[in-house]
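Quick notes on the structure that follows.
As the structure is a prediction and not an experimental result, all values here were calculated from the model.
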Amino acid sequence: MTALPFTLTRQVVIRASQDLVFRFFTDSTRFAAWWGPGSTIDARPGGKVRIVYPGGVLVTGEVLRVDPVREISFTYGYEEQNREMIAPGGSRVTITLASHPEGTMLSLRHDVPTAVAREAHEAGWRYQLSVFANVAAAEAHAGANDAIDRYFALWSEPDAGRRAEMLRALAAPDVVFRDRFGCTASLDDLAGHITAATQHMPGLRLERDGEVRQCQGTAVADWMVRAPDGSVAMRGRNVFDFGPDGRLTRVVGLWA
């Protein structure tokens, strides 16, 4: 493909593993999850790309290069509407993936024929990559509800050994915890804080209260603390950050 004179670039960090993120370019079901129903991709050189935008706007292209888990490039052009801006085969999209402490760094390069085309696609890529980041993170952290329930449950676990085992399975070694009475920055420190809480508030049980809300690897869950007689003693809200492996990296507790 000949060189194109104008380039649009964008980067986004996705809280999912590089392997999972790449699957959204090799699996048409996942590809359609962030582009729209009817979108497909055949991820091999010469394979066809079909993107169906809302309102029936259709983009087609051809895969140019595939470097598994690291890079994919394809042509991009409009079949009817906007054809005068970018005709089929008239631009090139290159997606590069790299490891990042929070998951995967996705770098986009869209080479286009005119400055008008570049400007017209800036907002669209900003939106589309945000949708992608959310869809990929939602799959990566599909078990967030269960993880949060297990986190709340360990605060009421009476056995110290069992409690430490549960926490190791749920949280990263450098997990950060903040609330009104705690400020820790490691797994061992958080374990000690929870042990102290069980000693100072014996018989209390921490439970999730309502649905978990999640966006791009960050989840919010309300909680309540029940006294031994079943009454609600306290309420609050936690914000959870998940790492690409699904373990907690940060927990912030807000008391009502």
Side-chain angles (χ1 to χ4, degrees), residues 12-21 99-105 133-134 136-256:
V12 61
V13 174
I14 301 176
R15 285 189 180 167
S17 70
Q18 194 171 326
D19 178 69
L20 176 59
V21 172
S99 180
H100 185 277
E102 292 185 9
T104 301
M105 172 67 78
N134 200 49
E139 179 172 334
H141 306 295
N145 286 29
D146 177 63
I148 289 170
D149 286 342
R150 287 185 288 131
Y151 172 82
F152 286 146
L154 71 84
W155 284 76
S156 307
E157 171 57 50
D159 182 84
R162 172 61 180 155
R163 190 166 58 244
E165 179 184 345
M166 292 168 67
L167 187 58
R168 279 195 301 272
L170 284 171
D174 57 351
V175 60
V176 171
F177 173 83
R178 299 283 187 272
D179 78 350
R180 190 184 298 173
F181 305 110
C183 185
T184 69
S186 73
L187 192 65
D188 290 341
D189 205 17
L190 177 54
H193 175 69
I194 296 173
T195 295
T198 63
Q199 294 170 347
H200 289 285
M201 298 184 292
L204 296 184
R205 188 173 71 255
L206 185 61
E207 298 177 356
R208 174 159 60 93
D209 182 20
E211 296 299 314
V212 174
R213 288 146 288 170
Q214 184 186 161
C215 179
Q216 299 191 22
T218 296
V220 177
D222 294 331
W223 51 262
M224 57 185 172
V225 174
R226 290 194 182 277
D229 64 2
S231 62
V232 177
M234 291 167 273
R235 292 184 182 274
R237 174 173 297 167
N238 275 15
V239 179
F240 300 90
D241 283 337
F242 289 88
D245 61 357
R247 291 190 296 175
L248 295 169
T249 60
R250 183 170 176 265
V251 181
V252 176
L254 307 171
W255 293 60

Taking all non-hydrogen atoms of both residues into account, name the closest pair between [X] and [Y] and its distance.
X: Ala171; Y: Leu187; value: CB-CD1, 3.7 Å
X: Ala16; Y: Ala140; value: CB-CB, 3.7 Å
X: Cys183; Y: Asp189; value: O-OD2, 4.3 Å
X: Gly230; Y: Arg226; value: O-NH1, 2.8 Å
X: Ser17; Y: Thr104; value: C-OG1, 3.2 Å
X: Pro228; Y: Leu204; value: CD-CD2, 3.9 Å

Polar side-chain atom of Arg162 near backbone of Ala164 as donor-acceptor pair, under 3.5 Å
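Pair absent, no side-chain N/O of Arg162 close to backbone of Ala164.
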Within the side chain of Arg163, is there an N or O that forms a donor-acceptor pair under 3.5 Å with the backbone of Glu157?
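Such a contact is found between Arg163 side chain and Glu157 backbone.
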Between the side chains of Arg168 and Glu165, is the shortest nitrogen-to-carboxylate-oxygen separation below 4.0 Å, so that they form an ion pair?
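Looking at Arg168 together with Glu165, the answer is no, because their closest N to O distance does not fall below 4.0 Å.
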Salt-bridge contact Asp222-Arg213 (side-chain N to carboxylate O under 4.0 Å):
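Looking at Arg213 together with Asp222, the answer is yes, because their closest N to O distance falls below 4.0 Å.
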Nearest 0.5 angstrom please: [X] [atom1] to [Y] [atom2], how far?
X: Thr195; Y: Leu190; atom1: OG1; atom2: CG; answer: 9.5 Å
X: Leu206; Y: Asp149; atom1: CG; atom2: CG; answer: 10.0 Å
X: Leu167; Y: Ile194; atom1: CG; atom2: CD1; answer: 5.0 Å
X: Thr184; Y: Asp179; atom1: OG1; atom2: CG; answer: 9.0 Å
X: Arg208; Y: Tyr151; atom1: CZ; atom2: OH; answer: 14.5 Å
X: Phe181; Y: Met201; atom1: CZ; atom2: CE; answer: 8.0 Å

Would you call the rings of Trp155 and His193 parallel, tilted or perpendicular, where under 30° means parallel and over 60° means perpendicular?
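Geometry flag for His193 against Trp155: perpendicular rings.
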Are the side chains of [X] and [Y] in touch, meaning some heavy atoms are under 4.5 Å apart?
X: Val175; Y: Thr249; answer: no
X: Met234; Y: Trp223; answer: yes
X: Leu248; Y: Phe242; answer: yes
X: Phe240; Y: Val212; answer: no
X: Arg15; Y: Thr218; answer: yes
X: Cys215; Y: Asn134; answer: yes

Any side-chain donor-acceptor pair under 3.5 Å between Asp229 and Ser231?
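There is such a pair between these side chains.
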Counting only heavy atoms not in Arg250, do more than 12 fall under 6.0 Å of its CZ?
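12 or below, so no.
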The test is side-chain contact (heavy atoms from CB on, under 4.5 Å); show your working for Asp146 and Arg150 and say whether it passes.
CA-CA 6 Å; Asp146 177 63; Arg150 287 185 288 131; 3.0 Å; yes
